Peer 1: 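Pasting in a structure now, in structure tokens, and then I'll have a few things to ask.
Predicted, not measured: the structure shown is a model, and the values here were computed from it. Just so you know, ligand 1 is whichever comes first in the structure, and atom 1 is the first atom listed for that ligand.
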Amino acid sequence: MGKTKKGLNTICTHVGEIVDEKFKGAISPLYMSSSYAFEDVDVKRYPRYFNTPNQEGLAKKIAALEHAESALIFGSGMAAVSTALMAFLRAGDHIVLQQTLYGGTYNLVTEVFDKYGISYSFTEGWKPEDFEAKIQDNTKVIYIETPSNPLLTITDLEAIGKLSKTNGIVSMIDNTFASPVNQNPIDFGIDVVIHSATKYMGGHSDICAGAVAAKQEHIERIFQLAKNFGGSLSDYTVWLLERSIKTMGLRVKAQNTNAQRMAEYLYNNEDIESVYYPGLPSHPEHELAKSQMNGFGGMLSFELKEVFDAQKFRKSLQLIKSSMSLAGVESTLISPAETSHALMSAETRAEQGIKDGLIRFSVGIEEPEDLIADIEQALHKVRSTESVTTH
Ligand SMILES: *Cc1c(COP(=O)(O)O)cnc(C)c1O
């Protein structure tokens with residue numbers, strides 16, 4: 001591919017593809033070799049050096065998608081998160097993290113960092129001044145997640161980018177919920193972009209992978225640790241992920257459309273107490289989301305009116321399954337209080353606004369009418385229980 005910048009779906013389909021010189025196949029060949037020559041070669045290749053042909057090809061695609069100079073692919077989202085964080089932190093350093101993070105990241109910080117002498121502060125709120133308030137002389141990283149899990153709060157990318165630069169701090173974002181289709185944080189001055197590729201990049205609930213995109217200097221620093229930590233991804237899965245990303249633009253745009261439709265339907269439904277979706281004008285940061293996102297994403301959360309049993313509602317759904325993960329082409333939902341945020345105390349959850357009845361909805365690509373019909377029949381079931389128990 002030439003140097004000129006291509007559009008989203010062209011990048012998804014083509015950038016980084018390996019040309020099959022020998023057989024002229026239409027797609028990238030898969031090189032499963034874990035052993036490459038060391039003589040008469042420009043590069044000494046090895047899977048854990050993150051430089052096999054398939055790893056290099058896919059990294060180019062992901063870098064292009066995130067408007068970054070370079071990228072690395074990892075064996076999981078948490079391998080990407082932990083390696084990126086540890087590459088920029090050492091004993092005596094401090095990190096400012098956004099309140100409400102992905103549960104695994106929260107656990108990494110609260111269970112592991114003390115042991116390495118790294119101190120941390122979580123913000124109280126999502127405004128730039130809430131981050132500024134926590135900065136210390138030894139703060140080396142600011143870490144954000146927007147839209148956040150599970151309440152879809154929005155953090156101001158440009159303001160965090162500026163705040164970090166002014167203070168000589170590296171800014172990092174977990175961009176998983178938005179995917180590169182909906183948000184490119186580097187354009188707003190964020191330094192390091194992290195993905196759980198298990199989610200929208202994979203998109204079919206059958207791949208576990210991670211990625212980091214940034215400028216070359218930062219990627220080099222992360223790579224120097226990554227080759228020692230050893231969190232590389234098998235080339236077979238790299239190849240599958242390349243295939244998945246070809247349709248990411250199409251999938252995620254369909255998910256955006258469906259999620260907007262479902263959010264509006266739920267918002268106008270009198271059995272629903274509240275809906276959290278950045279695409280709704282009622283979202284407190286709707287305008288901010290509009291200014292930094294290309295689409296509002298496929299994730300939303302909602303609460304039923306308190307009289308209804310949320311668990312019974314979930315179990316009454318037939319098409320939409322309860323499932324731990326998210327971002328597949330199939331619609332799924334979870335109860336964050338019982339899964340992703342179960343390790344948090346009930347008190348901390350309440351402080352963060354995560355009610356026990358909150359439902360996080362990962363909207364798939366099904367026909368929205370079918371999703372609505374499924375919700376209608378489940379609501380009908382919980383409504384009838386309600387009338388039985390109260391009368
Ligand atoms: C799933 C997820 C992760 C962790 O990714 P794994 O691939 O499960 O290791 C990190 N951040 C967010 C927002 C996620 O949804």
Peer 1: For atom 7 (O) of ligand 1, what is the closest protein heavy atom, and at what distance to 0.1 Å?
Peer 2: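 Of the protein heavy atoms, Thr198 OG1, 2.6 Å lies nearest.
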
Peer 1: Can you check whether Leu326 has an N/O within less than 3.5 Å of an N/O in ligand 1?
Peer 2: no

Peer 1: Looking only at protein heavy atoms, which one is nearest to atom 1 (C) of ligand 1, and how far off is it?
Peer 2: Lys199 NZ, 1.3 Å

Peer 1: Can you label the angle between the Phe296 ring and the His286 ring as parallel, tilted or perpendicular, going by 30° and 60°?
Peer 2: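 Tilted: the ring planes of Phe296 and His286 meet at 30° to 60°.
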
Peer 1: Could you identify the single nearest non-hydrogen protein atom to atom 5 (O) of ligand 1 and state the distance to 0.1 Å?
Peer 2: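 Answer for atom 5 (O) of ligand 1: Ser196 OG, 2.9 Å.
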
Peer 1: Are side-chain N/O atoms of Ser119 and His94 paired as donor and acceptor at under 3.5 Å?
Peer 2: no

Peer 1: Determine, considering heavy atoms only, which of Asp174, Ile194, Ile207, Asn175 sits nearest to atom 11 (N) of ligand 1.
Peer 2: Asp174

Peer 1: Look only at interatomic distance and state if Thr105 has a nitrogen or oxygen under 3.5 Å from any nitrogen or oxygen of ligand 1.
Peer 2: no

Peer 1: If you have a sec, work out which protein heavy atom is nearest atom 9 (O) of ligand 1 and how many Å separate them, to one decimal?
Peer 2: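 It is Met78 N, 2.8 Å.
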
Peer 1: Starting from atom 8 (O) of ligand 1, find the nearest protein heavy-atom neighbour and note its residue, name and distance.
Peer 2: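 Heavy-atom neighbour on the protein nearest atom 8 (O) of ligand 1: Tyr102 OH, 3.9 Å.
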
Peer 1: Compute the minimum heavy-atom distance from Ala209 to ligand 1 and say whether it is under 4.0 Å.
Peer 2: yes

Peer 1: Just distances here: any N/O of Val81 and N/O of ligand 1 closer than 3.5 Å?
Peer 2: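 Looking only at distances, the answer is no, because the N/O contact criterion of under 3.5 Å is not met.
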
Peer 1: Relative to the heavy atoms of Gly77, which atoms of ligand 1 are at a distance of less than 4.0 Å?
Peer 2: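 Those atoms are 5 (O), 6 (P), 7 (O), 9 (O).
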
Peer 1: Taking both backbone and side-chain atoms of Glu145, is any N or O found less than 3.5 Å from an N or O belonging to ligand 1?
Peer 2: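 Looking only at distances, the answer is no, because the N/O contact criterion of under 3.5 Å is not met.
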
